[in-house]
There are 4 protein chains.
Amino acid sequence: MGSETVLPGKKRDSILQAAVKVFSKKGFHRARMDEIAEKAGVAKGTLYYNFASKSKLFSAAVTEGIETIVIQIQAQLDAEMPFEEHFRKLIACNVDLYLQHGDLARIVFNEVSSGIENDILTDIQRARNRYIDCVAGQLDNGRRTGHIKDVDLYLTAVALVGMLDNLCNLRLQNPRAVGRDQLVDLLTELLRSGLTIH
Amino acid sequence: MGSETVLPGKKRDSILQAAVKVFSKKGFHRARMDEIAEKAGVAKGTLYYNFASKSKLFSAAVTEGIETIVIQIQAQLDAEMPFEEHFRKLIACNVDLYLQHGDLARIVFNEVSSGIENDILTDIQRARNRYIDCVAGQLDNGRRTGHIKDVDLYLTAVALVGMLDNLCNLRLQNPRAVGRDQLVDLLTELLRSGLTIH
Amino acid sequence: MGSETVLPGKKRDSILQAAVKVFSKKGFHRARMDEIAEKAGVAKGTLYYNFASKSKLFSAAVTEGIETIVIQIQAQLDAEMPFEEHFRKLIACNVDLYLQHGDLARIVFNEVSSGIENDILTDIQRARNRYIDCVAGQLDNGRRTGHIKDVDLYLTAVALVGMLDNLCNLRLQNPRAVGRDQLVDLLTELLRSGLTIH
Amino acid sequence: MGSETVLPGKKRDSILQAAVKVFSKKGFHRARMDEIAEKAGVAKGTLYYNFASKSKLFSAAVTEGIETIVIQIQAQLDAEMPFEEHFRKLIACNVDLYLQHGDLARIVFNEVSSGIENDILTDIQRARNRYIDCVAGQLDNGRRTGHIKDVDLYLTAVALVGMLDNLCNLRLQNPRAVGRDQLVDLLTELLRSGLTIH
DNA sequence: GATGAATGAGAGTTCATTCAT
DNA sequence: AATGAATGAACTCTCATTCAT
C-alpha cells in the first residue's frame, strides 16, 4: 500500500508513448533513439532491452496504438441507434479520434514511403488495414439496413480515411483554418449526398 | 547546329528527373545523393554545383514536378464541355495523372512529417496547395454554372485529393486490387451523389 | 544425505565448462556473458557472483583447464618405460590431449594478441608455461638417460608445442585433411631424426 | 619536380600500414577504426572510402602484407646454392622476416579463432596457406636433389611454421630470453637431424 | 563548369557490469 | 545465494557536404 511499487510494463509503456510522440514529430528516420529514451525517462540501452531495434519499436508503437483506437471506435458505435445518427456519429467519432491521436495518425498514413524496411512496412500496412476494415465494418451496418448504396465498402472506407486524413491534418497544422464541427459537417454532407445538385 | 553543344540546363534536368525517382522510391531521408548522381549520370559534386543542398534539390524536384502536372490538368480541362462530362473528366484526369506520376505524388502527399527542415516543408506545402487550388478552381467552374453545392471548395478539394491519394496508392501498390476505371467510377459516384440512399 | 542439497561448486563448475566452450568458439571478445550464462543454465548475475569479471572468468577457465591436462600427461607418462616407447608415447599423448581439448588449446595458443588486459594475459602465459614446462620435463627424462641431445629443452618444448598446435589445428579444422596416426608419425620422425638424409 | 604532388595510393598505403600496426597490437576486435585513422593521419571516413568495412580492411592488410613477404623469401632464396647453405638460409630468412614483420605474423597465426566473420577468416587462411606453400616449395627443392626425406612437405611446412611462430614470438615478447642466432641454430639442428642421439 | 577524394558529425546497436530484490 | 532488468560507454558505419584540381 504505502510502497511505491512500480507496475509491471510501466517502463515499456512509457517507451511506447515517447516513441509515438517522437516518431510523429520527426518521422521515422529523423527520430533519434536518444530522444525517445530521454522522453521516456530511461537509458538508451533500455530501449534495446525491450525492443530489438528502432524498427521493431516503431512497429510496436504503431500496432498497439491503432489497436487502442479501433477498440474505442467500436465501443462508441456498437450501440443501436437510428441510421442518420449512427452515420454522423461514425464520422464525428473518427474525426475526434484522429484529432486526438494526430501523432499516431500521421505515422500510419504518411510514413508509407519513407524507405522503412519491408517487414516493418508490412506491419504498418496491417495496422492501417485494421483501421480501414473497422470503418468498412461500420459502413456495412448501414448497408445491411438498406441505407447505404451497394458500393465496394473497402474502397469506400479507403476513400473516407483519405478525406479524414487530409482534412484533419489541415486542422492539426493550423487549428484556426477550420473548426472541428465544420469538418464533421462537410464530411457528413459529402458522404451523405455528394457534391452536385440534381 | 552541327556542333555537339550541350543544351544549357540539360544536366540540371537530368538531375531533377533522377531526384524525383530516387526521392520517391526511398523517401527524403533514405535517398542518397550518391544514388541521385549516379542515376543522373553526373558526379556528386555536380549536384552541389547546381543545387545548394539536398533539401533544395528536393524542393526543386517537387515544385517543378507539380507545376508540370498543374499545367497538364488545366490544358486537358480548359475546353468548354457539359458539366457531367467535365465533372467525370476532372476526376479521370486527376486519377490518370496521379497514377502516372505516383512517384511525385507520394512525395507531395506523404513526406509531410518526415522531419524535413521547415523552409523546405513550406515549399512542399506551397506545391501541394498549388495543386489543391487548381482542383478547387475546376470545381468552382461547376459552382458558377449552378451544378455544384455551395460548400467550401478549398476544403472539398482537400478532401478530394485525400481520396485520390489513398485510392490511387492502393492501385499503385497492388495493381490487381482495383482497376483504373473502377477508381474513376467510385470517385465520380461518391462525389456526385454521396453514399446514402434517400 | 537425503536432502537435495546442491554440491558446493556445482554451479561454479558448470559456468567454467560453459565458459571454455564459448570462449573457444567465439574468442575472448566475441564471447558474450549472456551466452555463457545460458549455456551454464544460470542467470547472468550469477556469473558475477562467482567471478569478478569476464576477464577473471576467462583466466579461471584457462588456468583450471590447463591444470587438468598437465595432470593427465604426467599420469600417463610417469611409468618407467624404454626410451623409444616413452618418446613416441609423449608425442601421442600430447596429440590426443590436444585433439580432445581443442577448445582450450585454441584459447591458450591463439588468444595471445587479442588485446586482453595485461594481468589476464599474464595468467594465460603462466598456464601456457605450465604446459611447456611439463613437456620440457618429460624431455629431460630422455636427456638424463643419454637419449636426447644437449639442447635447450625449454626452447625445444616451445618448438614442439608450436608444431603440435599448428598440426592439430589442421586436423581439427578439417579432419579429413590428416589422420591422427599420421600426425603422431610425422612428429615422431621429425623430432627423432630430423628432416635430412645424411 | 618542385611540386609536392602526392603519389596515388599513398593514403591507401598509409592506412594499410597503420592497420597492420593496430590490428597486431590490439587484435581484430579491440582494434578501433578511430585509432587506425589517427595513426594513418586520415579522417575516419577515409577508411570507409577506401575499404568497405573493418573486416575488409583487415583482410586487405593481411593479404597484401603476406604477399610482400612471400616475394621477399623467394627473392632471397632463388639463387643456386649448396643444399646445406640453402637449408640454413631458408630458416634464417624465415626467422628474420618473422622477427621483422612480427606484427603481421601475430595476426596471421593467432587471429584464427577470434570470431571473425567467415569470409574474412577464409582470406586469412588463404594468406596463411600462401606462406606455407612457399615454405613447402623451398623444401621441395631439397627433396628433388635427394637431400630431404620423403615426407609430406605440406605437413612439414605447417610444423616448421608452428615452431617458427612460437619461437619467434618468444623473442619478440622478451628479446633477452633468446637470441636471433640461437633461434636459427636450434631450428636448423632440430630440422636437420632431430632431437635424439642414435 | 565539373569532379570525386576526403571529411567528420551523428546515429544505431552491443554488451559487460551493477544492484534492488 | 541468485536473479535479471536496467544501464551507458564504446564502437562501427553512413552520408551530406566541401574543396583542390
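Since this is a predicted model, take the numbers as computed values, not measurements. Because only heavy atoms are used, hydrogens play no part in the values below, and waters and symmetry mates are left out as well, while side chains stay in.
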Sorted by first residue and then second, give each side chain to side chain donor-acceptor pair (under 3.5 Å) pair with at least one member in residues 32-46 of chain D; sequence neighbours left out.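 Qualifying pairs: D/K26-D/E35, D/D34-D/K44.
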
Can you name the side chain to side chain contact (heavy atoms under 4.5 Å, CB included) partners of C/A40, sequence neighbours left out?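 With neighbours one apart ignored, the set is C/S14, C/I15, C/A18, C/V42.
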
Table please: side-chain donor-acceptor pairs of residues 56-67 of chain B below 3.5 Å, with sequence neighbours left out.
{"residue": "B/S59", "atom": "OG", "partner": "B/D123", "partner atom": "OD2", "Å": "2.7"}
{"residue": "B/T63", "atom": "OG1", "partner": "B/S59", "partner atom": "O", "Å": "2.8"}
{"residue": "B/E64", "atom": "OE2", "partner": "B/R12", "partner atom": "NH1", "Å": "3.4"}
{"residue": "B/E64", "atom": "OE2", "partner": "B/R12", "partner atom": "NH2", "Å": "3.3"}
{"residue": "B/E67", "atom": "OE1", "partner": "B/R130", "partner atom": "NE", "Å": "3.1"}
{"residue": "B/E67", "atom": "OE2", "partner": "B/R130", "partner atom": "NH2", "Å": "2.9"}

Nearest non-hydrogen partners of C/V22 and C/A31, listed with the distance: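 Taking every non-hydrogen atom into account, CG1-CB, 3.8 Å.
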
Want to settle it: does D/G41 or B/Y49 sit nearer the 5' end of DNA chain E, counting the closest nucleotide to each?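 Residue closer to the 5' terminus by nearest nucleotide: B/Y49.
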
Between [X] ([atom1]) and [N] ([atom2]), how many Å, whole number?
X	N	atom1	atom2	value
B/R12	E/dG1	CZ	P	12 Å
D/E35	F/dA10	CD	P	14 Å
C/I120	E/dA16	CD1	P	14 Å
B/E38	E/dT3	CD	C1'	15 Å
D/N50	F/dC13	CG	P	15 Å
D/F58	F/dT12	CZ	P	13 Å
D/F51	E/dA6	CZ	P	11 Å
B/K10	E/dA2	NZ	P	12 Å

Establish, yes or no, whether the cationic atom of A/K54 lies under 6.0 Å from the six-membered ring centre of A/Y48 and within 45° of the ring axis.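 Relative to the ring axis of A/Y48, which defines the angle, A/K54 lies outside at least one limit.
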
If you measure from CZ on B/R30 to CZ on A/F28, what distance do you get to the nearest 0.5 Å?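 Reported to 0.5 Å precision, the distance equals 7.5 Å.
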
Looking at CG of C/D103 and NZ of C/K25, how far apart are the two atoms once the value is rounded to the nearest 0.5 Å?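 Atom-to-atom, C/D103:CG and C/K25:NZ are 9.5 Å apart.
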
Could I get a table of every N or O pair under 3.5 Å where one atom is in the protein and the other is in nucleotides 17-21 of chain E?
{"residue": "E/dT17", "atom": "OP2", "partner": "C/Y48", "partner atom": "OH", "Å": "3.0"}
{"residue": "E/dT17", "atom": "OP2", "partner": "C/K54", "partner atom": "N", "Å": "2.9"}
{"residue": "E/dT17", "atom": "O4", "partner": "C/K44", "partner atom": "NZ", "Å": "2.9"}

The criterion is side-chain hydrogen bond (donor to acceptor under 3.5 Å, both in side chains); which residues satisfy it with C/S53, sequence neighbours excluded?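 Partners of C/S53 by the side-chain hydrogen bond (donor to acceptor under 3.5 Å, both in side chains) criterion come out as none, since no residue qualifies.
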
Measuring only between side-chain heavy atoms, which start at C-beta, is C/I36 closer than 4.5 Å to C/F23?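 Heavy-atom side-chain distance check passes, below 4.5 Å.
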
Touch check for C/A37, heavy atoms < 4.0 angstrom, all strands: base, sugar-phosphate only, or nothing?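 If one applies the 4.0 Å heavy-atom cut-off, C/A37 turns out to touch nothing in the nucleic acid.
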
Applying a 3.5 angstrom cut-off to the pairing atoms, does DNA chain E sit in any stems of at least three consecutive Watson-Crick or G-U pairs? List them by first number.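 For DNA chain E the paired stretches long enough to count as stems (3 pairs minimum) are E:2-21 with F:2-21.
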
Could you check B/R32 against C/T46 and say which one's nearest nucleotide on DNA chain F is further toward the 5' end?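 Comparing both residues, the 5'-ward one is C/T46.
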
